[in-house]
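Right, one structure below, let's go through it.
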2 protein chains.
Amino acid sequence: MAERVVPEHRRQRRRPTKNGTVLSERMIVETALRLVAQHGADALSVRRLGAALGADPSAVYRYFRNTDALLLALADEMVGRAQAGWRATGDWRTDLREIALRIHAAYLANPQVAALAAHRTTGREHETRAVESILGVLREAGFPDAEAVRIYHAFVDQALAFAALDAAALALPEPARAADERVWHAAYGKLSADTHPHVAATYPLLAADMRDSGHPFALELLLDAVGARLAAHTRG
Amino acid sequence: MAERVVPEHRRQRRRPTKNGTVLSERMIVETALRLVAQHGADALSVRRLGAALGADPSAVYRYFRNTDALLLALADEMVGRAQAGWRATGDWRTDLREIALRIHAAYLANPQVAALAAHRTTGREHETRAVESILGVLREAGFPDAEAVRIYHAFVDQALAFAALDAAALALPEPARAADERVWHAAYGKLSADTHPHVAATYPLLAADMRDSGHPFALELLLDAVGARLAAHTRG
DNA sequence: CCCGAAGGTCAAGGGTGTTGTCATAAGGAC
DNA sequence: GTCCTTATGACAACACCCTTGACCTTCGGG
């Protein structure tokens, strides 16, 4: 079949589909995100996407080489939405917290896509801008380059990892998700103090705490540690 | 079809398959892990599992209600392998570090399964024992219950989240994985100092650092922060 | 030794991504 | 305004997926 995909900026002809809609990369990405948001995780199939677009499924392959390419486009779109409107305040701690929370929120808004794409490196426009922003916050805070890079890496991976973890839990098919939640009461509530003394002693606190994400607190811990290092650098 | 699955401990009859093998829950779990380890992520299908077992694919459904139940069994097996032989030393920092690194290693040993199951709560034997161990380390270090629970949550979620993130990257089909790695040189190496000054200034450090996991350093940061809190508690 | 039923097998239904081929309309050339 | 090229949408088919209902064989308790 040779090469089917023509880069978006070089497209000239736009032949409408059978029922009149005119396709484009942008339109496909938006339709896919909407599709996944409205119906479950399993809704993202080329066939269903075709149906939602009012086109034959195979038409999608004129715009994306395969489903992986489509996924990367969806991922970068999410990163873009996470950054929309963000501006540095000059206070590194405020800025980093805001960035992490925005990433988390944007990913959770499309959990199905986030679960599939959070660990990918796209190198696309929105992603590179995010990297630039975070590095900027750290270097301007006063970290030497090597340390800024190490902290950047830990920080961004932690944000993405938690986003993926929480998104994956949300993206679960409903029966599995509900079952996982019940486990905290069903299994952990029944453990005996003889075999599991620490769980038994803290069970009510545990069941309550595990209902929410561990991300905000883990983020504060990371910021604490980063702050301590910064103090050491600026003192030294 | 009524209820097909008989709990393992109540099985009495064991009818051999057509080519002579005798099935069991344990054997299916081990075969599945081996299958996934040897061939890629996509190797885990009921059909292929049936073939590897020397049985009709549908025989698996006599042991697991569906593929999700099988996945949870695989997940708990991994948690069990992570803990095998672990014993507390009495030094909380050493113990927590060891637990996190073991989880990370065990999950990366079966990346395909880890990527699918790291965020699940099974409530099974190996998982509850791990929870007990971690809570024990924190409470015996001197944290009051409420704080121990919060730190437990952040700690374990961070370990699982990084394990899932790194596993997912490893589990990628080879072409996609290689492409993601190339991006750090191809895309980020070409960014201009005009538009991305911080990336341009740190690019060699960045490309080198991103080759490895951010987990070890993020873990040390978390342990630093936990240590600071512990000092505050024991002083107060 | 018999017989109930556990458990392996078979076949089918309804999904999936992907690709080779075909046909049609868009838009440049004249 | 007409023609021609070719981009692009449509169609059909392949090979795989999970799951289930019905069937049948063989195990093992009485």
Side-chain angles (χ1 to χ4, degrees), chain A residues 1-25 27-28 31-32 35-36 39-72 74 112 116 173 175-176, chain B residues 1-25 27-28 31-32 35-36 39-71 112 116 173 175-176:
Chain A
M1 292 193 64
E3 212 33 81
R4 261 175 314 191
V5 177
V6 172
E8 184 72 10
H9 61 275
R10 275 217 239 109
R11 278 180 191 271
Q12 313 196 335
R13 310 186 179 183
R14 308 212 91 107
R15 175 177 169 186
T17 76
K18 211 161 197 183
N19 77 358
T21 40
V22 174
L23 300 180
S24 72
E25 211 171 276
M27 180 198 177
I28 294 176
T31 304
L35 189 64
V36 160
H39 314 78
D42 317 337
L44 189 56
S45 79
V46 179
R47 287 174 143 81
R48 263 195 271 261
L49 181 53
L53 288 166
D56 187 271
S58 65
V60 171
Y61 290 96
R62 297 277 180 208
Y63 293 83
F64 298 96
R65 182 195 313 280
N66 53 31
T67 48
D68 194 63
L70 171 59
L71 185 66
L72 290 182
L74 296 177
Q112 349 280 358
L116 293 175
Chain B
M1 295 191 63
E3 210 33 81
R4 264 174 314 191
V5 177
V6 173
E8 185 71 9
H9 61 274
R10 276 219 238 107
R11 277 180 192 270
Q12 314 197 332
R13 309 188 179 181
R14 306 211 92 107
R15 175 178 167 187
T17 78
K18 213 161 197 186
N19 76 358
T21 40
V22 174
L23 300 179
S24 72
E25 209 170 276
M27 179 197 178
I28 295 177
T31 305
L35 189 65
V36 160
H39 314 79
D42 317 337
L44 189 55
S45 80
V46 179
R47 284 172 143 80
R48 263 193 272 261
L49 181 53
L53 287 166
D56 187 272
S58 64
V60 172
Y61 292 97
R62 298 275 181 211
Y63 293 81
F64 299 96
R65 184 194 310 283
N66 51 36
T67 48
D68 193 64
L70 171 59
L71 184 66
Q112 348 282 358
L116 293 174

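Excluded from the calculations below are hydrogen atoms, water molecules and symmetry mates; all remaining heavy atoms, backbone and side chain alike, are included. None of the values given here were measured: they were computed from a predicted structure. Proteins get letters first, then strands, A, B, ... in listed order; numbering begins at 1 in each.
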Main-chain N/O of [Y] paired to [X] side chain as donor or acceptor, under 3.5 Å:
| X | Y | answer |
| --- | --- | --- |
| A:T17 | A:G54 | yes |
| A:T21 | A:A55 | no |
| B:D68 | B:L71 | no |

From [atom1] of [X] over to [atom2] of [N], roughly how many Å is that when rounded to an integer?
| X | N | atom1 | atom2 | result |
| --- | --- | --- | --- | --- |
| B:L53 | C:dG8 | CG | P | 10 Å |
| B:R62 | C:dC10 | CZ | P | 14 Å |
| A:N66 | C:dT19 | CG | C1' | 13 Å |
| B:Y63 | C:dA6 | OH | P | 13 Å |
| B:L71 | D:dC18 | CG | P | 12 Å |
| A:I28 | D:dT8 | CD1 | C1' | 12 Å |
| A:F64 | D:dT8 | CZ | C1' | 15 Å |
| A:D56 | C:dT24 | CG | C1' | 15 Å |

Problem - Residue whose nearest DNA chain D nucleotide is more 5′ - B:S45 or B:P16 - result: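 Closest to the 5' end, via its nearest nucleotide, is B:S45.
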Problem - C:dT16 OP1/OP2 closer than 4.0 Å to side-chain N/O of A:R48 - result: yes
Problem - Below 4.0 Å: OP1/OP2 of C:dT24 and any side-chain N or O of A:K18 - result: no
Exercise for the section: Remember a base hit wins even if backbone is also touched, and classify A:R10 as base, sugar-phosphate or nothing at under 4.0 Å, heavy atoms. Expected result: nothing
Exercise for the section: May I ask you to say what A:A55 touches in the nucleic acid, namely base, sugar-phosphate or nothing, with a heavy-atom cut-off under 4.0 Å? Expected result: sugar-phosphate
Exercise for the section: Supply the atom-to-atom distance A:L72 CG to A:L116 CG, rounded to the nearest 0.5 angstrom. Expected result: 11.0 Å
Handout entry: Considering all heavy atoms, the nearest A:Q112-A:V36 contact
Key = CG-CG1, 2.8 Å
Pair of N/O donor and acceptor under 3.5 Å linking [N] base with [X] side chain:
| X | N | result |
| --- | --- | --- |
| B:R15 | D:dT25 | yes |
| A:R47 | C:dG15 | no |
| B:S58 | C:dC10 | yes |

